Amino acid sequence: MPRYDPSRSEPKWQAAWDEAGVFTARHDESRPKYYVLEMFPYPSGRIHMGHVRNYTMGDVVARYKLAQGFSVLHPMGWDAFGMPAENAAMEQGGHPADWTYANIADMREQMKPMGLSIDWSREFATCDPEYYGQQQAMFLDFLDAGLVYRKNAVVNWDPVDQTVLANEQVIEGRGWRSGAEVERRELTQWFFRISDYAGELLAALDGLDKWPEKVRLMQQNWIGRSQGLQFAFSTVGAPEGFERLEVFSTRPDTLLGASFAAISADHPLARHLERHDDDVAAFVAECRHLGTSEEALETAEKKGLDTGIKVLHPFDNSVELPVYIANFILMDYGTGAIFGVPAHDQRDLDFARKYGLDVIEVFEPRDAPLTVEDEAYVPPKTEPVRYVRPLAGGERQTGDEAIGAAIAFCEENGVGHGVTQYRLRDWGLSRQRYWGCPIPVVHCDTCGVVPERKENLPIELPRDVSFDQPGNPLDRHPSWAHCACPKCGGEARRETDTMDTFVDSSWYYARFTAPRAPTPTDPVETDYWMNVDQYIGGIEHAILHLLYSRFFARAMHRTGHLPAKAVEPFDALFTQGMVTHEVYYTRDNRGRPVYHLPDDVDKDARRLKATGEAVEVIGNAKMSKSKKNVVDPVNIISAFGADTARWFILSDSPPERDVEWTEAGAEAAFRHLSRVWRIATEVVESDTPASEADAELNKAVHRAIHEVTEGIEGFAFNKSIATLYALTNTVAKSKAGAEAKPAAMRVMAQLMSPMVPHLAEEVWALMGGEGLVAQADWPRADPAMLVDEEIVLPIQINGKRRSEIAVPRDAPREEVEKRALADDAVIKALQGAAPKKLIVVPGRIINVVV
RNA sequence: GCGGGUGUGGCGGAACGGUAGACGCGAGGGUCUCAAAAACCCUUUCCGAAAGGAGUGUCGGUUCGAAUCCGACCACCCGCACCA
């Protein structure tokens with residue numbers, strides 16, 4: 001008997017789909033459209049199991065929607081700018097463009113055998129001048145619309161390599177290559193005014209009802225709207241020009257508990273003092289070695305320096321608070337200055353304990369006096385507390401009430417005003433790097449900063465650059481930056497900064513709707529295809545990429561590049577989990593782990609194949625090169641076929657959770673698919689006559705249609721697959737006849753086709769299905785087939801399951817109660833007494849309380 | 001540190017507040033075979049001979065009933081604005 005051979009069957013069906021143009025996205029006004037998008041990959045050169053999982057999920061949705069009659073857009077492209085290409089050029093020589101395009105070619109070749117329903121005719125890379133030129137055009141429109149501006153901002157500066165470092169290149173405060181202590185340095189940089197949209201981006205989250213709740217929550221917290229009081233302290237002993245110190249606080253109700261004020265090391269006052277005071281200069285310099293990430297600031301030991309300056313308490317001039325420079329105050333948030341209330345803020349308390357500052361309680365729990373030791377009292381703002389030092393409002397009130405009263409009181413007394421603050425900062429897009437989209441502006445000595453003319457776009461990156469020294473090659477290129485001023489025609493210099501790669505990924509979804517248009521988008525195409533109906537990607541993008549894209553879509557709408565309906569570009573979002581694998585390691589003579597590839601390990605014996613040395617095993621960890629626990633999809637596909645990889649990656653775990661890749665699981669998936677194929681070949685040869693088993697099988701088929709469909713709709717592909725396993729067992733055991741069985745197998749082929757499209761075609765063809773299963777209509781379950789006449793009700797006694805009874809589906813409650821009380825287990829438990837309570841949940845359960 | 005999430009048999013997991021463990025893996029037993037592989041059949045949460053009891057990270061709460069809801073804690077994962 002011939003065996004299931006995916007290496008022959010899969011390429012055959014892929015060719016058939018290509019020939020029929022099944023996956024070409026067609027703008028067809030007569031049909032509803034469906035746009036499925038997976039987050040596009042960075043072209044590292046190798047696909048990994050995470051990609052397989054991501055694209056398989058998208059493919060299931062795309063094929064399912066196609067079968068439902070939608071005109072489907074399912075494109076693929078490459079997030080191709082970024083640091084790895086420059087790092088490769090530095091390490092191995094060569095050019096980032098060559099490295100990137102070679103990687104793209106490799107990855108495309110690795111992806112094609114997966115049999116994805118992608119319209120490859122729309123493919124592009126963000127490093128194509130055709131793409132980034134349109135991005136430059138939009139940048140100019142944004143500039144024109146006042147959505148972009150320049151200001152100073154700090155970067156991580158490596159003083160040895162003389163280059164700007166990304167946060168990930170700063171390791172424990174040092175440059176990753178040079179090992180030098182990183183400094184913060186200020187540069188003039190371009191910013192998008194995303195904070196202008198903070199309120200709108202926040203409010204619109206409510207409408208994203210097909211996004212995961214957790215993502216909306218994360219974005220909400222990230223945008224971080226807060227109401228507070230902004231006011232100015234009068235200073236004592238401050239230098240000229242610093243008579244007042246503006247502070248912002250979300251807890252003005254605790255003002256009478258303030259015992260110090262603190263300013264950021266980047267605050268203008270700190271910068272002033274730095275120039276005249278060596279101690280301040282030394283402390284501020286220390287703060288600036290911390291790196292620029294919020295994480296670095298927050299996890300560093302909290303430190304401060306007393307400036308000797310005091311501020312007067314606005315409601316009690318006899319109280320003078322010391323002013324500290326502190327390493328945990330952010331210049332970007334609020335005014336870069338705060339007052340500290342140690343009793344009701346843990347960080348302030350730690351700071352106060354360290355520097356011997358007063359701890360003054362402002363409020364207490366309602367029913368107990370409060371003495372703050374090492375733990376600040378920070379109840380939820382909705383909880384009523386007793387104010388012992390109220391600024392305004394009653395003695396007993398919630399934090400929220402007290403804050404409102406405090407702001408009103410302060411405003412009445414001319415001490416500051418209530419303000420709405422957002423945590424969200426403007427989006428700095430300048431990067432001092434080569435491999436990115438050039439910012440299309442020119443610096444002219446006479447005209448200043450001048451936008452490039454659109455007809456000169458794209459401003460292309462020069463080819464002749466070298467990476468043999470650190471820093472931005474554009475900066476040291478002999479001629480590239482020299483140009484004529486678009487305004488006066490005089491000699492001018494191009495901006496050598498390029499754009500953050502988040503810009504590239506903030507609008508690619510729109511470009512896919514018209515990838516070759518001579519403008520960034522084509523209104524006819526965006527009108528038909530937008531929005532993305534289903535977006536799929538990793539949770540790690542929950543905040544930045546998705547928030548930036550939401551902003552960008554709004555900016556594109558404002559500049560006429562997207563219709564109003566597309567300001568929220570992703571209707572539904574699904575975040576999938578990681579692919580993990582066991583990690584195998586031995587230890588070197590110093591006890592450090594030495595990792596080994598899965599292929600080199602005998603998993604049963606837990607020994608290295610080569611030496612027999614025992615290996616230690618850690619359970620599932622994210623696949624990573626450093627731990628060598630990677631499984632190459634290419635090897636899996638060549639050994640078992642794409643369908644096996646697809647089936648396994650979908651089968652075990654729910655899509656939102658991590659899935660552990662195991663060799664045993666992959667082999668089992670292959671065995672199952674072989675079995676389905678074998679059953680199909682047996683069904684063909686069968687001549688069993690029709691019987692009662694036909695109806696039974698038919699019922700099982702309809703149930704399966706219902707469950708598989710529900711699984712796909714609910715992104716529970718693992719449940720759809722469990723149903724298909726069960727259906728396979730049912731068909732295998734069924735005594736149904738030579739008409740019913742092929743019919744069942746045809747439906748099974750349809751139900752399988754989103755997950756294992758090649759095998760589905762094979763089975764479909766064997767069963768005499770018409771045309772391609774990829775083009776067949778999705779089957780419908782007959783509702784009448786889904787109900788049972790008799791149901792089994794479990795009986796609980798005191799909440800524990802003790803028995804069960806079978807009753808007609810629509811039996812009246814009295815009848816069910818009567819039968820339940822007649823049950824042996826119930827009689828035994830009651831011992832002649834009447835039940836205390838008898839709960840009947842129709843169609844569900846009976847609970848007898850004795 | 002802050003924000004968000006996850007936690008169920010040996011393993012991956014299933015379970016509108018209603019029979020905990022569907023489906024799969026692994027393991028054990030069997031059929032077929034000279035033998036093996038493949039295939040097929042059966043068993044498989046734990047303790048217990050059984051009756052029965054225990055059980056969804058830990059501790060507490062709400063409920064007739066909690067894996068599910070609430071509170072506290074523990075562990076792990078994601079993000080923290082220049083990684084993509």
Side-chain angles (χ1 to χ4, degrees), chain A residues 3 39-42 44 79 81-84 153 155-156 164-170 189 194 212-215 217-222 224 292-300 302 328 332 346-347 350 423-433 500-502 504-505 538-545 547-548 575 577-578 580 619-622 648 651-654 656-660 662 664-665 667-669 671-672 674-675 678 716 718-719 721-726 729 732 792-796 798-804 835-839 841 843-849:
Chain A
R3 291 177 54 126
M39 290 180 184
F40 67 165
Y42 180 80
S44 61
D79 190 11
F81 275 136
M83 293 198 305
V155 293
N156 299 305
V164 177
L165 297 178
N167 282 338
E168 74 155 6
Q169 297 173 317
V170 179
Q189 307 199 60
I194 188 173
E213 183 63 37
K214 61 183 170 187
V215 174
L217 237 189
M218 280 190 260
Q219 291 214 352
Q220 181 184 315
N221 291 336
W222 184 261
T292 58
S293 77
E294 190 169 309
E295 186 186 4
L297 293 187
E298 290 281 339
T299 51
K302 310 290 184 288
F328 56 87
D332 297 311
Q346 191 60 43
R347 197 168 57 181
D350 296 343
R423 205 184 76 99
L424 180 66
R425 311 197 293 257
D426 275 336
W427 170 10
L429 67 122
S430 301
R431 297 290 181 272
Q432 295 70 41
R433 278 184 254 289
D500 178 8
T501 54
F502 273 125
D504 312 335
S505 55
I539 186 69
E540 65 272 21
H541 296 292
I543 296 174
L544 292 179
H545 162 61
L547 190 60
Y548 288 158
T575 55
M578 296 182 302
T580 65
N620 46 344
K622 182 176 184 170
F648 176 73
S651 66
D652 259 22
S653 290
E656 68 276 12
R657 260 204 254 171
D658 293 351
V659 62
E660 182 177 6
T662 62
E667 282 163 24
R671 276 204 305 274
H672 172 75
S674 304
R675 183 174 179 227
R678 201 174 50 246
N718 55 324
K719 289 193 241 171
I721 285 190
T723 301
L724 286 167
Y725 268 113
N729 285 333
V792 174
L793 285 183
I795 298 178
Q796 292 182 335
N798 290 340
K800 290 263 174 203
R801 183 187 173 281
R802 292 294 180 222
S803 184
E804 59 184 34
K836 266 193 199 157
K837 211 166 187 179
L838 183 58
I839 293 151
V841 184
R844 277 276 163 207
I845 204 163
I846 299 157
N847 192 9
V848 186
V849 184

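To find a chain, count down the sequence lines: A is the first, B the second, and so on, and within it residues start at 1. Small disclaimer: the values here were computed from a predicted structure and weren't measured.
Glycosidic torsion of B:G13 falls outside 90° of 0, placing the base in anti.
Looking at A:D350 and A:K302, no side-chain N of the basic residue comes within less than 4.0 Å of a carboxylate O on the acidic one, giving no salt bridge.
Remark: B:C69 base-pairs with B:G61. Criterion, Watson-Crick or G-U wobble with two distances under 3.5 Å. In this structure, B:C76 and B:G5 make a Watson-Crick or G-U wobble pair, each of the two defining distances being under 3.5 angstrom.
A:H672 comes within 4.0 angstrom of no nucleic acid atom, judged by non-hydrogen atoms across all strands. Using a 4.0 Å heavy-atom distance criterion, A:P654 is classed as a sugar-phosphate-only contact. A:W427 comes within 4.0 angstrom of no nucleic acid atom, judged by non-hydrogen atoms across all strands. Here A:Q169 lies out of heavy-atom contact (under 4.0 Å) with every strand.
For the pair A:S653 and B:G13, the criterion of a side-chain N or O lying under 4.0 Å from OP1 or OP2 is met. Residue A:R425 places none of its side-chain N or O atoms closer than 4.0 Å to OP1 or OP2 of B:C80. Side-chain N/O atoms of A:R802 include one lying less than 4.0 angstrom from OP1 or OP2 on B:G53. Taking 4.0 angstrom as the limit, A:K837 places a side-chain polar atom (N or O) nearer than this to OP1 or OP2 of B:C64.
Between A:R423 atom CZ and B:G1 atom P the separation is 17 Å, expressed in whole Å.
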Next on the checklist: Using a 4.0 Å heavy-atom cut-off to protein, can you give one letter per nucleotide of nucleotides 20-26 of chain B, 5' to 3': B if the base is in contact, S if only the sugar-phosphate is, - if neither?
Outcome noted: S-BSSSS
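Between A:L217 and A:F81, it is A:L217 whose nearest contact on RNA chain B lies nearer the 5' terminus.
When the nucleotides B:G4, B:G13, B:G1 are ranked by their closest atom to the side chain of A:K214, B:G4 comes out on top.
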